[in-house]
There are 2 protein chains.
Amino acid sequence: MTERAPGPTTPKAQLIAEDVRRRILDREWRQGDRIPDEAELAVTFGAARATVNKALQLLADEGLLERRRRAGTRVAVDPARKATFTIPVVREQIEQQGMAYAYRVFGLSQGFAPEAVAERTGVAADMPLLHLQAVHYGDGTPFQFEDRWLNPRAVPGMEAVDFRQVNANEWLVRNAPYLRADMAFSAESADVRDAQLLEIAAGTALLILHRTTWNDAGLITSVRIACRPGHVIRATP
Amino acid sequence: MTERAPGPTTPKAQLIAEDVRRRILDREWRQGDRIPDEAELAVTFGAARATVNKALQLLADEGLLERRRRAGTRVAVDPARKATFTIPVVREQIEQQGMAYAYRVFGLSQGFAPEAVAERTGVAADMPLLHLQAVHYGDGTPFQFEDRWLNPRAVPGMEAVDFRQVNANEWLVRNAPYLRADMAFSAESADVRDAQLLEIAAGTALLILHRTTWNDAGLITSVRIACRPGHVIRATP
DNA sequence: ACGATAAATATGTTTATACATAAAAGCGCA
DNA sequence: TGCGCTTTTATGTATAAACATATTTATCGT
């Protein structure tokens, strides 16, 4: 390996991946080019084919390489630019910034999902759901307003939980593993209720996050989160 | 989640991963529980330890399991909820919806980055950059307004490109592999310029995407993308 | 009890080998 | 030329074996 190791104990497969990445950045291998096959690279790097395979799979998962059986491995022409971000537990996010966390429920009722929610979640219109509206505060300032629909039948024990006392976000994270999830970002102008609960002027631009999760029993929860003005969500590739 | 249907040609490692996932969803193994070690699971599933290892690594990458040497594998108490999305090439995104794509440059000049951009990108204040403002249209309607700063020295050949003719987004995707990237979402009210170029009322809530890429030569480009009102960005876990 | 040290152990990684499989390349025949 | 078949080949996957490494657990000396 002709390579500066980030650490003395970096796995070989990662070193190989870094070397390949460098060659692509240096334009030794250019977009669309076919790179040497695994057997050749194994000789080049003094490694087993399995190790090279692991390294190349890594880069393919990142979108930097495209691999096809028999056809070989190519540098992606149009690298699918993937970014991942982790959905934080709100309380941790707030406390991490050194602020005091608080949570207040503004509404908790049983009812049926409005059409928009029913469509998004796929629940029947006559399925009784829990409707929860709550605000998360950092140092007394509104941080997020969440408008959530919950399906008490999806998770055993949920019916017994009092979401006035217990933070829904955290209870779900701990107790409701999901099979499928959906997430979307958008922007909306604050309506009257948003404005009131976030203590801002109506019409302010808000970052809106919609998140829905399902398990084998169907819908678990669907939530609309309105972030306080100026909030930024970061992602890393 | 790269889920394939369980079938005859599904790799064994994925079948094992699915089985483990199912056991977690069925609460056979609950949040925080330690699950059997690789050797045991190998016997259970009739596979080699390496295969079980691959399956468990997959689930750990997803955030469903937590693994530590010697300490064993546990079901994550607080599964880091990761979501990934791919940054699309705008033209493809528009054409995929069956709309006619158009691109128009509203400004192209040389200059120095304003403070906000310099701070975000880490370029020196006296580094000459290219400033490009352009709008992407779908069927004649503004789709995105991009306000972009480019570093002509980062990529050989960039100086010769006429970004009045060539779509910057696409040229970069094809010619400028990056080493590091940063991305952020936020919401802003449309200012006068946004409003004019997107042909909307000032003050409308806009979804804003900031994206910066670097390679070993430093900054490649930093762009602020203002999406047309109502635009939704979807992510999948 | 306590702290240092040694043993045990679960995961992490690499290797060699084998076979599976998709797709390109070659070939024969109309 | 074009179609269908066979061969070749690069990647995909699984396996057993071995060693590395981080921790926990056990042990011993004080």
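Numbered from 1 within each chain, the chains take letters A, B, ... in sequence-line order. Only this structure's heavy atoms are used, side chains among them; waters, hydrogens and symmetry mates stay out.
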d(NZ, A:K54; P, D:dG12) in whole Å:
15 Å
Regarding the side chain of A:E38, the nearest nucleotide among C:dT9, D:dG12, C:dG12 is D:dG12
In whole angstroms, the gap separating P of C:dA24 from CZ of A:R67 amounts to 16 Å
Can you tell me the distance, in whole Å, between the CD atom of B:E66 and the C1' atom of D:dA22?
16 Å
Whole Å only: how far is the CZ atom of A:R68 from the C1' atom of D:dT9?
14 Å
Atom-pair distance (CG on B:L56; C1' on C:dG12), nearest Å
12 Å
Tell me whether the side-chain N/O atoms of B:T51 come closer than 4.0 Å to OP1 or OP2 in D:dT13.
no
side-chain N/O B:R49 vs C:dG12 OP1/OP2, d < 4.0 Å:
no
Result for 5'-nearest mapping on DNA chain C, choosing between A:V52 and B:D37, is B:D37
Sugar-phosphate, base or nothing in reach of B:R74, heavy atoms under 4.0 Å:
nothing
B:L58 has an atom CG; how far is it from atom P of D:dG12, in whole Å?
14 Å
Closest of C:dT11, C:dT14, D:dT11 to the A:N53 side chain is D:dT11
Do B:D162 and B:V166 come close enough that some side-chain heavy atom pair is under 4.5 Å?
no
On DNA chain D, check which nucleotide each of A:A71 and A:A50 is closest to and give me the residue with the more 5' one.
A:A71
Rounded to the nearest angstrom, tell me the gap between atom CD in A:Q57 and atom C1' in C:dT13.
16 Å
Can the ring centres of A:F85 and A:F185 be said to be less than 6.0 Å apart?
yes
Side chains of A:Q57 and A:N53: any donor to acceptor distance under 3.5 Å?
yes
Minimum-distance nucleotide to B:R70 side chain [options: C:dA23, D:dT15, C:dA10]
C:dA10
Could you please spell out the steps behind the side-chain contact (heavy atoms from CB on, under 4.5 Å) verdict for B:N167 and B:H136?
CA-CA 10 Å; B:N167 184 317; B:H136 303 268; 3.7 Å; yes
Kindly check if the number of other-residue, nucleotide or ligand heavy atoms within 6.0 Å of CZ (B:R23) is above 12?
yes
Spacing of A:E40 atom CD relative to D:dA10 atom P, expressed in whole Å:
8 Å
At less than 3.5 Å, do the side-chain atoms of B:R69 and the base atoms of D:dT21 form a donor-acceptor pair?
yes
Using only side-chain N and O atoms of A:T73, determine if any of them is under 4.0 Å from OP1 or OP2 of D:dT11.
yes
